[in-house]
Amino acid sequence: MNKGIFSLLLFTFTLFSAQQKPVQIAFLSDVHFQDLYGTFSDNNFKGIINPKTGKPTILRTMDSQLHSTRIFNENYFAFLKALDDIAAKEIKIVAMPGDFSDDGQAYNLRGLHTILDQYHKKYGIDFYLTTGNHDPVGPFRQDAGKDDFLGQDGNPLGIYSKENLGKAKNRIITKDIAESGYLEILNELKDFGFYPKKENLYWSTPFDQDSYKNYSFEKALQNADYSKRMYDVATGFSVPDLSYVVEPVKGIWMMAIDGNTYISKNLNENPNDPSNYNGASIGYNNVLTNKKHLIKWVKKIADEAKLNGKILTNSFCRTHAHQRHRNSKNRRENVGECSGSFIGGIFTEL
């Protein structure tokens, strides 16, 4: 998805719970986290040595950033700075509306998990994530790599998940650079909203038929399983939807919408082939046609929130979505840039 040159967005807003105590929620969008100090599970490469710190660092080249719509290396430090600011403000709830990783690679997901867990344990911050079109890039894990990591000699280094990929002469091979699918993301980041916690007062998915009045943690835990979060994007093509709604504090519902819609390229080909799906950058245009259950679910949750006196606030979207109201000429184009939203409530990647 196209971004500005600095892609990390942070803002906060305050809600009032049923006890009228102010509840602050911070939003960190488009982190595009790349773990500069990550490790690969099947390769000893740890990056090049930073001469000032002596630490090995997995860097992308400056050229890669100049020719991209987003930056890579600096995001790591901007992310930590934003988290430090959130901790200093004593904010305890953070929503991350998609594109939380570079491209869903395993080593980046592990690094993100580690950092979120550190801030949770040290500051008591609870994180709630939803997926963007970079996490995952497609519904299922697929081999991938990058040509533009920084090598020891200052030249580009290719890192790929298998040998027959990419064009760089200097290369290393690791499975951890492959683009994770929904299953891998769910398994790695389940503690950050994708699964219920005992302390949550409510948690549900679009596939959960129980009402709020019948909620139990045990049922929610069962419904969080990957196998129970599938829908047919086309006949015979079953893909995941990781949307959920959660009540982290009494009276406030946050709805995370997975706006990714991965449509099959060829209905006669293998539905389990990750290359047989288009990307999700067109966003909500395809939700309206191929993910109608999501629209019905949003209405159901909104009605149930109103019935039970819960706060489900107005729609939050990035600039792309806001622009759609400015003039009708650009409406179709700007809606097409969305692959999610956050409604106050409701958050997804845009």
Side-chain angles (χ1 to χ4, degrees), residues 9-29 82-83 85-98 100 116 119-120 123-131 189-208 210-221 223-224 241-259 294-318 321 340-350:
L9 171 66
L10 165 65
F11 71 89
T12 65
F13 73 91
T14 302
L15 297 172
F16 289 87
S17 68
Q19 300 91 346
Q20 291 300 302
K21 294 180 180 179
V23 176
Q24 288 187 307
I25 302 175
F27 293 79
L28 278 173
S29 177
L83 291 178
D85 187 47
I86 289 168
K89 290 179 168 62
E90 298 185 348
I91 297 170
K92 301 303 181 183
I93 300 175
V94 176
M96 295 180 64
F100 45 76
L116 298 185
Y119 278 81
H120 172 70
Y123 300 106
I125 299 172
D126 290 320
F127 295 90
Y128 295 92
L129 278 59
T130 194
T131 53
L189 299 174
K190 63 173 60 178
D191 293 338
F192 307 108
F194 291 121
Y195 262 59
K197 294 183 177 181
K198 286 186 176 181
E199 57 265 31
N200 294 148
L201 301 176
Y202 180 54
W203 189 97
S204 184
T205 78
F207 311 102
D208 182 358
D210 288 335
S211 68
Y212 169 70
K213 296 295 186 182
N214 296 324
Y215 176 73
S216 75
F217 169 72
E218 290 74 19
K219 285 184 179 180
L221 197 60
N223 291 328
D241 177 349
L242 295 192
S243 301
Y244 64 92
V245 61
V246 62
E247 185 174 1
V249 294
K250 187 174 181 180
I252 295 175
W253 282 9
M254 297 169 59
M255 179 183 280
I257 299 178
D258 175 3
L294 205 51
I295 306 301
K296 294 178 181 178
W297 179 66
V298 170
K299 184 180 185 304
K300 172 191 170 186
I301 292 298
D303 290 343
E304 199 158 14
K306 183 177 181 180
L307 179 65
N308 291 282
K310 307 298 181 180
I311 295 176
L312 192 63
T313 64
N314 294 329
S315 173
F316 158 75
C317 293
R318 289 206 203 95
S341 69
F342 189 117
I343 303 179
I346 301 177
F347 64 98
T348 78
E349 199 275 335
L350 292 173

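Bear in mind the structure is a predicted one, so any value in this text is a computation, not a measurement. Computed from heavy atoms alone, side chains included, the values below leave out hydrogens, waters and symmetry copies.
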Residues Leu28 and Ala82: closest non-hydrogen pair is CD2-CB, 3.7 Å

Grab the two heavy atoms, one from Leu116 and one from Met96, that are nearest each other, plus how far apart they are. CD2-SD, 4.1 Å

Answer yes if the side chains of Asn200 and Tyr128 hold a donor-acceptor pair under 3.5 Å, and no otherwise. yes

Can you tell me if CD on Glu199 sees more than 12 non-hydrogen neighbours from other groups inside 6.0 Å? yes

Does some side-chain heavy atom of Ile93 sit less than 4.5 Å from a side-chain heavy atom of Val249? yes

Euclidean distance, Leu242 CG relative to Lys190 NZ, rounded to 0.5 Å: 12.0 Å

Atom pair OG (Ser204) and CH2 (Trp297), whose distance is rounded to the nearest 0.5 Å: 7.0 Å

At what distance, to the nearest 0.5 angstrom, does CE of Met254 lie from CG of Asp126? 9.5 Å

Thr205 side chain to Asn223 side chain, donor-acceptor N/O pair below 3.5 angstrom: no

Should the pair Tyr195 and Trp203 be assigned to parallel (<30°), tilted (30 to 60°) or perpendicular (>60°) ring geometry? tilted

Do Glu304 and Ser211 come within less than 4.5 Å of each other through their side chains, counting heavy atoms only? yes

Interatomic distance, Phe100 atom CZ to Thr130 atom OG1 [nearest 0.5 angstrom]: 8.0 Å

Kindly indicate whether the side chain of Pro196, heavy atoms from C-beta on, has any atom under 4.5 Å from the side chain of Tyr215. yes

Heavy-atom pair with the smallest gap, counting every atom of Asp258 and Leu294: O-CD2, 3.4 Å

Checking Tyr202 against Lys310: is there a side-chain donor and acceptor pair closer than 3.5 Å? no

All heavy atoms of Lys213 vs all of Asn308, minimum pair found to be CE-OD1, 3.1 Å

What are the two closest heavy atoms between Pro97 and Ser29, and how far apart are they? CD-CA, 3.9 Å

Could you check if a side-chain atom of Val246 sits within less than 4.5 angstrom of a side-chain atom of Met255, using non-hydrogen atoms only? no

Atom pair CG (Leu201) and OH (Tyr212), whose distance is rounded to the nearest 0.5 Å: 7.0 Å

Is the shortest heavy-atom distance from the side chain of Phe194 to the side chain of Leu129 under 4.5 Å? yes

Could you please spell out the steps behind the side chain to side chain contact (heavy atoms under 4.5 Å, CB included) verdict for Ile91 and Ile125? CA-CA 7 Å; Ile91 297 170; Ile125 299 172; over 6 Å; no

Give, for atom CD1 of Ile252 and atom CD1 of Ile25, the distance between the pair rounded to the nearest 0.5 Å. 5.5 Å

If we count only N and O atoms by modelled type, under 3.5 Å, do the side chains of Asn214 and Lys219 hold a donor and an acceptor together? no

